[in-house]
*Asks:* 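Just dropping this structure here.
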Amino acid sequence: SDGFCRYAMSRCAESQNVPLAEALLAELKGQSSVNLQTYKCMMKVYACVGRYDKACDVYQEIVEAGIEPDGVTYGNLMKFAAKAGRYALAQELLRKSEGTGCVKTFLWTIRIAGQEGDLPRAMGAFEQLRNEQPGMVDGMAYNIVIDACCSNKDMKGATHYFDEMEVAGLRRNHVTYNTMIKGYSALSNLAKVKEMIAEMQANGYTPDAASYSCLLGCAARQLDFDEVWRILQEMENRRLRTDSYVVSIMMQAARRTQCMKQAAEALSILDRPDVEICEDAIVFNTVLDACIAHRDCRHLDRALKEFQKQGSKLQATTRTYGLLIKACGTLGRASQSMEMWRDMLARNIQPNSVTLGCIIDALVEGRCVDEALALFQEWKGKVKCDTITYSTLIKGFSAINDPDRAMALYADMKTLGVQLNHVVYTALITACARMGQTKRADSVLADMIADGCTPNAITYS
């Protein structure tokens with residue numbers, strides 16, 4: 001019956017059984033028995049599995065069916081649109097929901113406007129809610145407008161609403177304090193972050209992992225490593241685990257510092273037993289990037305082993321594979337870099353110019369110049385090849401005393417209009433000079449000068 005189908009659809013949300021829910025919706029459509037409640041059930045199923053884009057698509061079906069959504073449905077749809085990044089749809093929903101009086105609609109208007117950087121609209125929606133439904137302006141509403149201000153680095157506005165909560169007799173909670181802490185951290189205002197944490201504790205709230213992550217991030221951005229280690233020790237004393245946020249913060253600090261001692265100390269956090277580097281692709285990328293920058297071979301080796309064990313769980317991207325290939329090149333493992341390249345293609349992840357440059361560099365570093373050239377020839381029609389990729393190959397042929405193929409690449413660059421620079425010209429001159437081809441070297445030098453590249457000490461040497 002219709003009632004049974006709708007009941008079964010509602011249970012599909014709990015079990016996350018999308019195919020069954022879709023089949024039940026199709027059955028109800030076939031019986032011309034769909035109504036707003038039916039579509040709301042379908043949206044809930046999609047939302048439960050994180051498929052917010054599909055939940056938004058249901059709205060079009062509602063419109064085509066000639067059904068008018070109620071205020072709650074508009075509010076839910078705005079939430080799904082925001083989570084799916086479909087801000088144009090969110091705006092359309094906002095226009096159509098005007099006059100429904102649904103608090104959810106106001107709250108999601110504030111959220112979406114804040115995410116889009118339209119702070120006046122976010123604050124305007126809050127004021128409208130306060131004027132039209134003053135009894136519904138609670139702590140959650142204040143937290144949302146404070147977050148909109150903090151996200152747009154308007155700490156004056158955030159402080160105004162933060163202070164207003166006390167005047168309105170509303171209790172600030174963990175979310176309120178952590179939002180203010182996040183705002184001050186984004187501005188690298190370490191003193192205000194500490195002040196807010198102290199106030200938080202004075203009002204009976206214990207700072208949590210989110211509070212300390214913001215504090216740590218603020219100190220790390222200033223490269224204040226004494227403060228960084230003090231914060232980490234306090235987190236350890238409070239038995240807060242070294243989560244992905246902490247690892248990411250420490251890797252970014254290691255990447256930025258020019259002091260090898262500070263970098264080594266920051267990278268040592270990877271040796272903690274509770275650190276999982278393959279939990280998140282962004283964190284894994286920061287680990288690889290920092291270790292490559294400081295040529296930390298021990299941790300790179302560990303990262304590659306972790307990826308071989310758990311890489312299938314990771315939502316790897318083109319950047320992830322570029323860094324993996326670069327890591328293999330840093331360790332002098334040309335064959336493993338090719339394994340990573342093949343694994344990337346097997347996952348249907350398409351390479352870009354950076355990834356191609358990484359594999360060419362790894363193969364050239366491993367003296368596999370012929371393999372590098374073959375790969376280059378295979379992909380240069382599919383991926384735009386830049387100056388760096390060409391110069392890497394030319395340097396590779398220079399290193400194995402093969403000026404002919406270096407000059408062939410030079411001709412290719414000129415034909416395709418690829419930008420030439422000091423690195424390319426110097427590598428070409430080196431390739432010719434090593435084999436005693438001085439006339440050829442002189443010709444390249446003349447081209448270099450004619451191209452507006454002034455020879456430097458390295459060129460002449």
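Below, all heavy atoms of this structure are taken into account, side chains as well, without hydrogens, waters or symmetry copies.
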*Asks:* Within the 3.5 Å criterion, strictly below it, is a donor on Asp208 or Ser211 matched to an acceptor on the partner's side chain?
*Replies:*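 A pair is found: one side chain offers a donor N or O, the other an acceptor, under 3.5 Å apart.
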*Asks:* Verify the distance criterion only: is there a donor paired with an acceptor across the side chains of Glu199 and Tyr205 at less than 3.5 Å?
*Replies:*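 Absent: no donor and acceptor within the cut-off.
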*Asks:* May I have the step-by-step check of side chain to side chain contact (heavy atoms under 4.5 Å, CB included) for Val369 and Leu373, ending in yes or no?
*Replies:* CA-CA 6 Å; Val369 187; Leu373 181 64; 5.6 Å; no
*Asks:* Under 3.5 Å, is there a donor on one side chain and an acceptor on the other for Glu127 and Asn131?
*Replies:*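 Checked: Glu127/Asn131 side chains show no N/O donor-acceptor pair below 3.5 Å.
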*Asks:* Quiz question: by atom type and distance under 3.5 Å, do the side chains of Glu22 and Tyr46 form a donor-acceptor pair?
*Replies:*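 Yes.
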*Asks:* List the steps, then state whether salt bridge (charged side-chain N to carboxylate O under 4.0 Å, His left out) holds for Asp57 with Arg51.
*Replies:* CA-CA 10 Å; Asp57 290 341; Arg51 294 173 67 179; over 6 Å; no
*Asks:* Verify salt bridge (charged side-chain N to carboxylate O under 4.0 Å, His left out) between Lys40 and Asp70, making sure each step is shown before the conclusion.
*Replies:* CA-CA 11 Å; Lys40 284 167 78 171; Asp70 56 22; 3.6 Å; yes
*Asks:* Please step through salt bridge (charged side-chain N to carboxylate O under 4.0 Å, His left out) for the pair Asp301 and Arg333, ending with a clear verdict.
*Replies:* CA-CA 11 Å; Asp301 180 60; Arg333 301 176 183 174; 2.6 Å; yes
*Asks:* If you round to the nearest 0.5 Å, how far is CG of Asn203 from CG of Asn173?
*Replies:*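 So the CG of Asn173 and the CG of Asn203 are separated by 11.5 Å.
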*Asks:* Any side-chain donor-acceptor pair under 3.5 Å between Thr38 and Asn35?
*Replies:*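 Yes - a donor-acceptor pair under 3.5 Å links their side chains.
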*Asks:* Any donor-acceptor pair under 3.5 Å linking the side-chain atoms of Thr392 with those of Thr389?
*Replies:*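 There is no such pair (donor and acceptor under 3.5 Å, judged by atom type) between the side chains of Thr389 and Thr392.
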*Asks:* From Tyr390 OH over to Asp412 CG, what is the distance, rounded to the nearest 0.5 angstrom?
*Replies:*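 Interatomic distance, Tyr390 OH to Asp412 CG, rounded to 0.5 Å: 3.5 Å.
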*Asks:* If every non-hydrogen atom of Met200 is compared with every non-hydrogen atom of Thr206, which pair is closest and at what distance?
*Replies:*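 Scanning both residues, the minimum pair turns out to be CE-O, 4.1 Å.
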*Asks:* Determine whether Asn76 and Thr73 satisfy the following criterion, side-chain hydrogen bond (donor to acceptor under 3.5 Å, both in side chains), listing intermediate values before the conclusion.
*Replies:* CA-CA 5 Å; Asn76 286 331; Thr73 306; 5.7 Å; no
*Asks:* Classify the side-chain pair Glu339/Ser335 by whether it contains a donor and acceptor separated by less than 3.5 Å.
*Replies:*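 No donor-acceptor contact under 3.5 Å links the two side chains.
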*Asks:* Kindly determine whether Asp271 and Arg298 satisfy salt bridge (charged side-chain N to carboxylate O under 4.0 Å, His left out), including the steps that lead there.
*Replies:* CA-CA 11 Å; Asp271 297 321; Arg298 182 171 69 85; 3.1 Å; yes
*Asks:* Angle between ring planes, Phe284 versus Phe307, binned at 30° and 60°: parallel, tilted or perpendicular?
*Replies:*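 Parallel: the ring planes of Phe284 and Phe307 meet at under 30°.
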*Asks:* Would you say the side chains of Glu279 and Ser244 form a donor-acceptor pair under 3.5 Å?
*Replies:*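 No, no side-chain donor-acceptor contact under 3.5 Å.
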